[in-house]
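Numbers restart at 1 for each chain; the letters A, B, ... are given by sequence-line order, proteins then strands.
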Number of protein chains: 2
Amino acid sequence: MQETWATSAGLDLHLEMSGAGLRASLESALREAISSGRLTPGTALPASRALARDLGVARNTVVDAYGQLVAEGWLAARHGSGTWVAERIRPPVPAVVAQPPAVQPLVRYDLRAGVPDLSAFPRTAWLAAARRALARTPAAALGYGDPRGLEPLRVALAGYLSRARGVAVTPERIVVCAGYSQALDLICRALGESGASSVGVEGFGHHAHSRIAAASGLQLSPLDVDEHGVVASALTNEDAVLLTPAHQFPLGVALHSRRRREVVDWAVGTGRLVVEDDYDGEFRYDRQAIGALQSLAPEHVAYAGTASKSLAPGLRLAWLVLPARLVDDVVSAKRAAGMLSSSLDQITLAEFITSGGYDRQVRRVRLAYRQRRDRLVAELARRAPQVHLTGIAAGMHALVTLPPATREQDVIGEAARRGLALEGLSEFRTGTQQRDPALVVGYATPPAHALSTAIARLCATLNVTT
Amino acid sequence: MQETWATSAGLDLHLEMSGAGLRASLESALREAISSGRLTPGTALPASRALARDLGVARNTVVDAYGQLVAEGWLAARHGSGTWVAERIRPPVPAVVAQPPAVQPLVRYDLRAGVPDLSAFPRTAWLAAARRALARTPAAALGYGDPRGLEPLRVALAGYLSRARGVAVTPERIVVCAGYSQALDLICRALGESGASSVGVEGFGHHAHSRIAAASGLQLSPLDVDEHGVVASALTNEDAVLLTPAHQFPLGVALHSRRRREVVDWAVGTGRLVVEDDYDGEFRYDRQAIGALQSLAPEHVAYAGTASKSLAPGLRLAWLVLPARLVDDVVSAKRAAGMLSSSLDQITLAEFITSGGYDRQVRRVRLAYRQRRDRLVAELARRAPQVHLTGIAAGMHALVTLPPATREQDVIGEAARRGLALEGLSEFRTGTQQRDPALVVGYATPPAHALSTAIARLCATLNVTT
């Protein structure tokens, strides 16, 4: 950058002329001089002819630059009175503004539940599907889109969900969402708008989900959960209930068939809604996957699924299969806030499903997660037999019940000192139900090469604290 | 599909055995028979040995199939009492549920504003950027992500916005959003939470945007708009104001420099917020683009930009540059509902910007839209000189003011009969301001080969109705 001193009418202008076009450079230099306070409001600028001579540029360059900055409001001008720095120019924007992140201990091994093995995302296959999808998609698909989601994806999902999860579905009942959180948010908005006031939630679960329901004005009614799943007999006059039937989060139990029918009987008998969060339904290890609860009562169950665990949370692809009476309300809620999912990711997923790639991916990661589950089971049995491991038949997390006198925080703290991140069951309590102390252990997150060490540190931690 | 009649204990079972595995086929067949009502609740099923003999399958196949359907709740069983169809099974889900779309006249040419030329989306370049981005991105970027948006994108955007729009920005002030609607929704939520009660809106604008503000409990205060933009002197004690300063939508005027300073003075003087919707700020034709209003008062202006017009609305990529005091609130609002943008699209856009592809795309479509603008101007001047065209200096839409006695609906109806979609100015009125009848004409949407015909039909329509 050349530095040029321009002196005019006793005023020193220090302009740094960068390598860009002369007029743009002059404009930038003037803006910077003004915003930094070197040129103060009310200061008269040199006449264009004089400044041009000082800078060695064409007069029109200065005239145009002045004109631009007048249009933008940095300068003011009046014919015959020259050009001056306008009033009310603010100082430069400070660079660091966000709240500094809370100091975290260094996490080198993460056995918390929720995030799949991100290195398992099939980058090459996904890109290939994206290329094929883009090659054949009409331009119109790149527009503002159908709030229900693009039809090719809804058609592909209908076929997949029917086949793989036993969902009773047609494409018109599907609403594509940007993640389960959005899906839940839309249902809760629709419920709130139709006069609902309360929703049953499992006594242990994600607080983020409870908060979403509460944000729509719904009162939360926690329901006890035992080894057969939610205690369905506790349902009374809640307007809806949120469940994780295939693999309770975080306890890991499957909703017993008798409880499934109790829940359905309640919903049908009272005309209420069940929201089925099938976040990991494809990942069942010891037997065939249990089909969706939704198929027992499609008009009383809103089924929610996601690609977050099988592909990656970053894709923001999830789906709802809705009772007929809810479709219009949920679509309206989605359209109102313009919350549409990326068209590109939708058409890519549609192609990925149709080409069989999604099935292959699910099989691949299911096998990988089963092997991780097996390792966790074997290692804990061998090296920390004092704890009790349950919820291992499916999914990507399990429950490690600790001896009754143990304090979850002691274990978590000891793990942190070993660079291992853990979560306790009590962190997920939504009501008042008491259970033995336990850890919610996810085994999907560490990269494959790091899993053994993560489990070893877990065992070491347990052996010190229990 | 083979059809097999199985008769047992006087009961006819008509099972369609498909090509899939025998057990899965039997399960599907039983589910279908039950859900269709052919097997009614309480009906006893044949003993497994008997059904197996009738179907010619192994007994274990039947035992497993029964067990699966018991687990799913379709059947009930008690040791020694056999297996029967459970109570409360619903009839099959009807296929057609969505409200049939309102009957629309056939639109063959679309001159409504809002959607860019979707065929201009750079598919090859975008895919190449996606490939490069995925190749170099760490797996962690595919997780649940930073609610502010991935850092590489915020860094790339900070550089681009500073250079191309004169925005005063650092990456920490940016929040990536899934479209302008989400961006506006987040700001309105933050405003509502901090006690704001009213927001000024331009007297003509998108109703969807007003609705988003109203959804956060904000009262709308429409402000008149004239040939210099919003009448800033009408601002009183609104808590915020929503503006389209570079190219007013729908009138097409640029906010005059004096009005820009009035607005900034108001915001700074009263401590209120300006929301700058810079939806088409890069598309200025007759002169250099006017820099963002935000740079005059970065702590009092929330700047919003989008890739919807330069790339495609389907990408769902938009961004906010926020005053320091709003960053945490907006990020909290975004985190609360899990409304995160696709990681893949974010890293691809970051790569696209960094590699210069975004600049090339903007230049390319700006040239294309300017040529379209020129054609519209020329054709209207030549063939329908009775109308007055304004707002043509920028963007992708213009205002066609009609003779005072014309009814907008007459013109729109006549256009519809010619397969041409148009919108009238009055459809965008948010308050009570009166103006001459006019059309808001977008010239970006038709594919290049269709533009001439679209304009010709517009002229023909005008010549019949005015």
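A:T137 touches chain B through backbone and side chain together, each having a heavy atom under 4.5 Å away. Proximity to chain B (any heavy atom under 4.5 Å) is restricted, for A:R260, to the side chain, taken from C-beta onward. Heavy atoms closer than 4.5 Å to chain A are found nowhere in B:A215, neither backbone nor side chain. The part of A:P138 that comes within reach of chain B is its backbone (N, CA, C, O), which places non-hydrogen atoms under 4.5 angstrom from that chain. Looking at A:Y144, both its backbone and its side chain come within 4.5 Å of chain B, counting heavy atoms on both sides. Contacts of A:Q346 with chain B are absent, with no heavy-atom separation under 4.5 Å from either backbone or side chain.
The closest side-chain heavy-atom distance from A:L142 to B:R123 is below 4.5 Å. Contact of the A:R261 side chain with the B:W74 side chain is not registered, since no non-hydrogen atoms from C-beta on lie closer than 4.5 Å.
Note: A:P313 leads A:S341, A:P313, A:S343, A:S257 in heavy-atom pairs under 4.5 Å with chain B. For the set A:G145, A:G291, A:G143, the count of heavy-atom pairs under 4.5 angstrom toward chain B peaks at A:G143.
Not counting sequence neighbours, the partners of A:A267 by the side chain to side chain contact (heavy atoms under 4.5 Å, CB included) test are A:V274, A:H300. Contacts of B:D329 classified as side chain to side chain contact (heavy atoms under 4.5 Å, CB included), with partners at least two apart in sequence or in another chain: B:A190.
We find the CG-CG distance between A:D345 and B:L344 to be 5.5 Å, quoted to the nearest 0.5 Å.
Other residues, nucleotides and ligands contribute only 12 or fewer heavy atoms inside 6.0 Å of the CZ atom of B:R258.
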